[in-house]
Every structure is written in structure tokens, then in C-alpha cells.
Amino acid sequence: MVETTTPPIIQVRDLDNRFGDHVVHEHLDMDVYPGEIVGVVGGSGTGKSVLLRSILGLRPPTGGTVRIFDQEIGSLSPEARSRLERRLGVLFQQGALFSSLTVVENIAMPLIEHIGLSRTSAEHIAAMKMSLAGLPANAANKYPAELSGGMIKRAALARALALDPEILFLDEPTAGLDPVGAGDFDQLILTLRDALGLTVFLVTHDLDTLYTICDRVAVLAQKRVLVNDTLARVEQVDNDWIKEYFHGPRGRAAQQAQNRRQEHC
Ligand SMILES: Nc1ncnc2c1ncn2[C@@H]1O[C@H](COP(=O)(O)OP(=O)(O)OP(=O)(O)O)[C@@H](O)[C@H]1O
């Protein structure tokens, strides 16, 4: 759970991101602590995906620093950067599986490429990761086009877990799933965090995800992280977007659903 006395595992300071004249982030600060699940929310175009890409080092920011495991990613040698990347698992919005590879081959690929395992060993570990992500064994030899949306997410999650990451980044993990599938996926993320001690950084629009599994919620607005706190505190912030998002009909429904879940526990 959240231990804010420990140093952050991700520390973003004074981050700027611009595309020409378009300023997406300005003086953005954000901390993520080990073992927590942080949900990043904000209106469309507020820069959630750009923030995720900046933290992962996929997009060099216009200014500012990102430190992960107390290492500044912009100043690492290629070898150090590669070592750091192995400690991060990423689930992109569309799954980003290779369509010409089977599920087991997709999951085995990072094990072969990054740590040089033989194909047999890599596929053996890939089968275990499939099971961890809740995929049936008979999905192993299927191609992505043969999978349901929920199974694609699970296969992509299994691949993200292939190298035993310490931090898991998820971009809209429940987008496109039906409510039952989305709820199951939320529970899977929670179970994996608890079982594996992961830190989870997730970008989402899904209010149920926020209410069900997030320890803290970071709201992007006005080109920065406006607030990064428990949901109870975030809900109280006097900001138009926060009021509309959390206190509108969908926010109230998600909150009531969570209250009912807690009553049944
Ligand atoms: N490569 C790029 N070139 C130019 N502009 C970009 C680029 N990538 C992102 N942007 C712009 O940056 C802004 C933030 O984009 P981003 O995708 O991070 O938003 P978001 O908060 O994730 O939105 P959504 O919730 O709709 O997915 C948008 O205005 C987008 O058009």
C-alpha cells in the first residue's frame, strides 16, 4: 500500500512537453511510490499518454527530468537504459501484439531478445505468464486475430510481465472491454500487485477502475498534475473538470457501486 515516507520509485520534476506552439505540459511534477496503484486521469488531450511516453523515455521531454529507481533516464548510457527498461512492463492501449506471432511466441519474444533464452525455455516461461494473466493454455497457439478483446488484453499483460518487471505501466487497460470483463481485469491487476509487489501506473478513463483498485489518483489539468492523492481527497478539489467527472452521473454510479462492493465484503 501507499508508503509516502519511502522515496518515490518514479519522480517527475518540472516536466515540459511542447509540440510546436502547443504546450501540453508545463512545470509538471509527479511522484509514484513503490507498491501503489496510481490512476492518471484528465480530459481528452491533457497529455496522459504523452506523460506515460515521457516517463518510459519513448519521447524525450522538452524540459525537466524523469527519475525511475533513482536514475535519471535522460542521462543513462544505452546499456544502463536497457537494464532499466527490463524492470518496466508496459501494456499499450491496443495491446501491440505482433499479428504474425502466436500468443506464446509474443510473450516469449522479450525473453529471447532481452535475456537470450532458448526458444524452448522462453516458451516454457511464457506459458507460466499466460496462466498468471488468466489465459487458458489452449490460447497459446492462437494468433491475436483469433482472440477476443479481453484475451488480447490478457496476452499483452502476460507479455508485459515476461521479464518480471517491478513497475507496470498500463494505458487504458479496460478500454473496449464490457463491464464484466473490465471488472475482472481490474481484479487481476489488483491481485498481481498484491502477489508480485508491483507498482502500477495506469492511464484510464474508467471510473470503476479508479474506485476499485487505485490507491491514488493523479488528475492532469492546466498542463500539470493538479492533484495526486487518495480518491476521497481528489473528489473534494474545487475544479470544474473534477466536479463534472467525479460528481456527474457516471462518477456517482461508480462510487455507489464501490460502496455496495464494500458492504458485501
Ligand atoms: N506526436 C505528436 N505530435 C503532435 N502533437 C501531439 C503528438 N502526440 C500528442 N500530441 C498532442 O498532445 C496532446 C496530448 O495528447 P495525449 O495523447 O497525451 O492526450 P491524452 O490525455 O492521452 O488524450 P486522450 O484521453 O484523448 O487519449 C494532444 O493535443 C495531442 O494532439
Side-chain angles (χ1 to χ4, degrees), residues 10-32 37-66 68 73-74 88-97 149-150 152-153 156-157 160 167-179 181-182 185-186 189 199-214 216-229 231 234-235 237 239-251 253-254:
I10 301 173
Q11 185 184 61
V12 181
R13 285 292 176 272
D14 209 17
L15 190 80
D16 287 350
N17 271 305
R18 288 155 208 259
F19 296 97
D21 293 343
H22 182 189
V23 179
V24 178
H25 300 137
E26 200 168 41
H27 306 308
L28 182 151
D29 294 336
M30 182 172 181
D31 288 331
V32 177
I37 301 180
V38 175
V40 178
V41 295
S44 189
T46 48
K48 301 178 291 295
S49 298
V50 172
L51 175 62
L52 177 74
R53 292 174 66 79
S54 296
I55 291 174
L56 289 170
L58 298 173
R59 183 198 137 73
T62 317
T65 56
V66 175
I68 305 183
I73 54 166
L88 313 176
V90 188
L91 170 60
F92 289 106
Q93 199 169 344
Q94 308 302 336
L97 297 172
I152 286 180
K153 297 273 186 193
L157 179 64
I167 310 178
L168 192 57
F169 294 87
L170 309 169
D171 194 0
E172 298 277 4
T174 58
L177 301 183
D178 65 75
F185 203 82
D186 283 342
I189 294 166
T199 302
V200 180
F201 178 107
L202 71 89
V203 171
T204 189
H205 285 285
D206 190 330
L207 278 152
D208 286 321
T209 302
L210 298 179
Y211 278 98
T212 314
I213 67 169
C214 290
R216 285 196 302 146
V217 173
V219 179
L220 259 66
Q222 298 157 15
K223 304 180 178 38
R224 61 193 171 91
V225 175
L226 189 67
V227 54
N228 181 6
D229 212 326
L231 201 43
V234 170
E235 283 174 342
V237 172
N239 169 270
D240 288 346
W241 187 85
I242 289 178
K243 281 190 215 154
E244 195 182 328
Y245 188 68
F246 290 101
H247 302 295
R250 287 164 60 90

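Atoms within a ligand are numbered from 1 in the order they appear, just like the ligands themselves. Hydrogens, waters and symmetry mates play no part in the numbers below; they use all other heavy atoms, side chains included.
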Engineer: F201 vs F169 aromatic rings, parallel, tilted or perpendicular, using cut-offs 30° and 60°?
Structural biologist: tilted
Engineer: Side chain to side chain donor-acceptor pair (under 3.5 Å) between T212 and D186: does it pass, once the steps are laid out?
Structural biologist: CA-CA 7 Å; T212 314; D186 283 342; 4.6 Å; no
Engineer: Students should find this: residues with any non-hydrogen atom under 4.0 Å from ligand 1. What is the answer?
Structural biologist: F19, H22, V24, G43, S44, G45, T46, G47, K48, S49, V50, H205
Engineer: Would you please name every residue forming a ring-ring contact (aromatic ring centres under 6.0 Å, His included) with F185, sequence neighbours left out?
Structural biologist: none
Engineer: Please work out whether the ring planes of F19 and H22 are parallel, tilted or perpendicular, with thresholds of 30° and 60°.
Structural biologist: tilted
Engineer: Have a look at E26 and tell me which of L15, D16, T62, N17 forms a side-chain contact (heavy atoms from CB on, under 4.5 Å) with it.
Structural biologist: D16
Engineer: Is there a side chain to side chain donor-acceptor pair (under 3.5 Å) between H205 and E172? Walk through the geometry before answering.
Structural biologist: CA-CA 7 Å; H205 285 285; E172 298 277 4; 3.2 Å; yes
